[in-house]
Amino acid sequence: MNTLASSNLVKSLENYALETANSQPIYALISVHGDPTAEIGKEGAGGQNVYVRELGLALAKRGCQVDMFTRREHPNQEEIVELAPGCRTIRLNAGPAEFISRNNLFEYLPEFVEAWLNFQQRTGCNYALIHTNYWLSAWVGLEIKSRLGLPQVHTYHSIGAVKYGNVENPPPIAAIRHCVERAILEQADYVISTSPQEAEDLRQLISQHGRIKVIPCGINTEHFGSVSKEVARQQLGIAPDSQIVLYVGRFDPRKGVETLVKACANLPSAFQLYLVGGSREDGADFQEQLRIQALVNELGLEAVTVFTGRISQALLPAYYAAGDICVVPSYYEPFGLVAIEAMAAGTPVIASNVGGLQHTVVHGETGLLVPPRDSTALATIC
Ligand code: UDP
């Protein structure tokens with residue numbers, strides 16, 4: 001995380017922990033459903049996994065000790081993984097050791113809290129601060145805070161009231177989520193909002209109370225800017241004169257891949273559409289990918305569309321650099337790491353005019369914005 005924005009987050013947490021701790025602080029980052037060491041592209045893995053891992057690594061690089069807690073999703077997973085000196089991922093047992101979608105995880109949270117407290121007592125780690133990620137971890141953090149009185153900082157990653165705002169039949173868990181999202185805003189020492197839009201949504205839809213700091217996400221700009229277009233295309237076997245439209249991300253209906261595919265069906269000149277991401281395990285991401293594949297076939301785009309599957313962070317810079325444009329067609333996006341990763345690679349970005357994207361993509365300056373769900377407008381601008 002080399003950008004100014006993310007070093008602000010690192011400094012902010014550091015200062016806060018130093019204010020409240022007597023000696024060298026140990027930070028507990030909690031991400032119940034987003035294992036920071038998971039392969040991105042596993043079912044449900046995405047920006048949160050990257051955010052937590054990079055934050056942990058950045059704090060450790062500054063000499064801090066960081067434990068990143070997550071839920072064990074497989075019996076063979078190690079309990080403790082040392083990612084870097086001072087930075088560990090710790091997998092706690094809470095519910096069956098298998099993938100459980102985030103909508104079904106709430107019932108296992110009390111077990112997660114007990115496992116966390118056991119770990120803390122067993123190891124004698126004196127945590128100075130807990131930083132929680134997503135509403136499930138917020139609940140865990142509030143429980144720990146109420147028992148141990150630790151300061152808590154929270155990042156939402158997504159707000160239920162925005163996500164389900166226009167959804168006719170939200171899942172039953174949406175009501176509980178809303179209560180937890182209000183409690184965390186009102187009771188955390190402060191919450192981090194990754195964009196001014198998210199801060200506004202929190203005030204309008206969640207609560208007038210509580211402290212919010214706007215700290216945008218950062219990325220490793222050197223990593224994403226490390227490959228030239230020529231080298232990238234050679235590496236990926238893409239002809240120098242091809243026109244490449246790129247999408248990178250999870251397959252989730254709110255990502256708007258459908259709008260992008262429909263827009264591509266209206267493009268006048270030759271192009272190739274690279275859809276980077278997806279999951280091989282059966283689950284919501286995989287089902288959405290199958291739906292998009294069916295749409296691609298229906299629109300006669302199969303010959304020009306490449307589904308790459310999940311690409312590791314190590315190989316992603318080549319994909320970004322190979323693209324002529326990177327489209328982020330989301331219907332809702334709290335921040336949108338993909339947009340700034342593409343920018344770091346020097347690839348022009350076209351993004352929906354929503355959420356955090358409205359702040360990172362300055363229309364006509366750092367990219368172009370289009371209305372969400374509007375494939376005609378997107379086709380015109382592409
Ligand atoms: N990503 C990845 N491999 C893929 C697709 C995506 O590593 O095949 C990463 C991408 O680099 C980015 C993250 O997944 O860091 C997606 O984050 P974003 O904020 O755009 O979306 P979210 O998943 O949080 O909704």
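What you see below is based on every heavy atom in this structure, not just the backbone, and it leaves out hydrogens, waters and symmetry mates. Not measured: the values here are computed from a predicted model. Just so you know, residue 1 is the first one in the sequence shown, and it goes up from there. Just so you know, ligand 1 is whichever comes first in the structure, and atom 1 is the first atom listed for that ligand.
- Evaluated by nearest non-hydrogen atom to atom 11 (O) of ligand 1, the leading choice among Arg254, Glu341, Arg53, Glu54 is Glu341.
- Residue Arg310 places no N or O, backbone or side chain, under 3.5 Å from any N or O of ligand 1.
- Closest heavy-atom approach to atom 8 (O) of ligand 1 within the set Asp252, Ile311, Leu315: this belongs to Ile311.
- Linking Ile, Leu, Val, Met, Phe, Trp and Tyr residues whenever their side-chain heavy atoms come within less than 4.5 Å leaves Leu316 and Val327 in two separate clusters.
- Contacts between Leu337 and ligand 1, counted as non-hydrogen atom pairs separated by less than 4.0 Å, involve both the backbone and the side chain.
- Ring centroid separation for the pair Tyr51 and Phe335 does not come in under the 6.0 Å cut-off.
- A continuous path of ILVMFWY side-chain contacts below 4.5 Å connects Leu301 to Leu275, so both sit in one hydrophobic cluster.
- Residue pairs satisfying the ring-ring contact (aromatic ring centres under 6.0 Å, His included) criterion with at least one member in residues 163-206, sequence neighbours excluded, are listed as follows: Tyr16-Tyr190.
- Ligand 1 places these atoms under 4.0 Å from at least one heavy atom of Val276: 8 (O).
- Relative orientation of the Tyr319 and Tyr274 rings is tilted, given thresholds of 30° and 60° on the angle between their planes.
- Here Lys255 has side-chain heavy atoms under 4.0 Å from ligand 1, and that is the only part of it that gets that close.
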For a side-chain hydrogen bond (donor to acceptor under 3.5 Å, both in side chains) check, start with the C-alpha distance between Gln197 and Asp201, then their side-chain angles and the critical distance, and finish with the verdict. CA-CA 6 Å; Gln197 177 65 52; Asp201 290 338; 3.0 Å; yes
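- Polar contact check, Val338 against ligand 1: a nitrogen or oxygen pair lies under 3.5 Å apart.
- With ligand atoms numbered from 1 in the order given, ligand 1 contributes 13 (C), 23 (O) to contacts under 4.0 Å with heavy atoms of Gly46.
- Residue-ligand proximity, Arg250 to ligand 1, at heavy-atom distances under 4.0 Å covers atoms 22 (P), 23 (O), 25 (O).
- The proximity of Val248 to ligand 1, defined as any non-hydrogen pair under 4.0 Å, is limited to the side chain.
- At least one N or O atom of Gly47, backbone or side chain, sits closer than 3.5 Å to an N or O atom of ligand 1.
- Hydrophobic clustering (ILVMFWY, side-chain heavy atoms < 4.5 Å, transitive): Val32 and Val180 are in one cluster.
- Qualifying side-chain hydrogen bond (donor to acceptor under 3.5 Å, both in side chains) partners for Asn126, counting only residues two or more places apart in sequence or in other chains: none.
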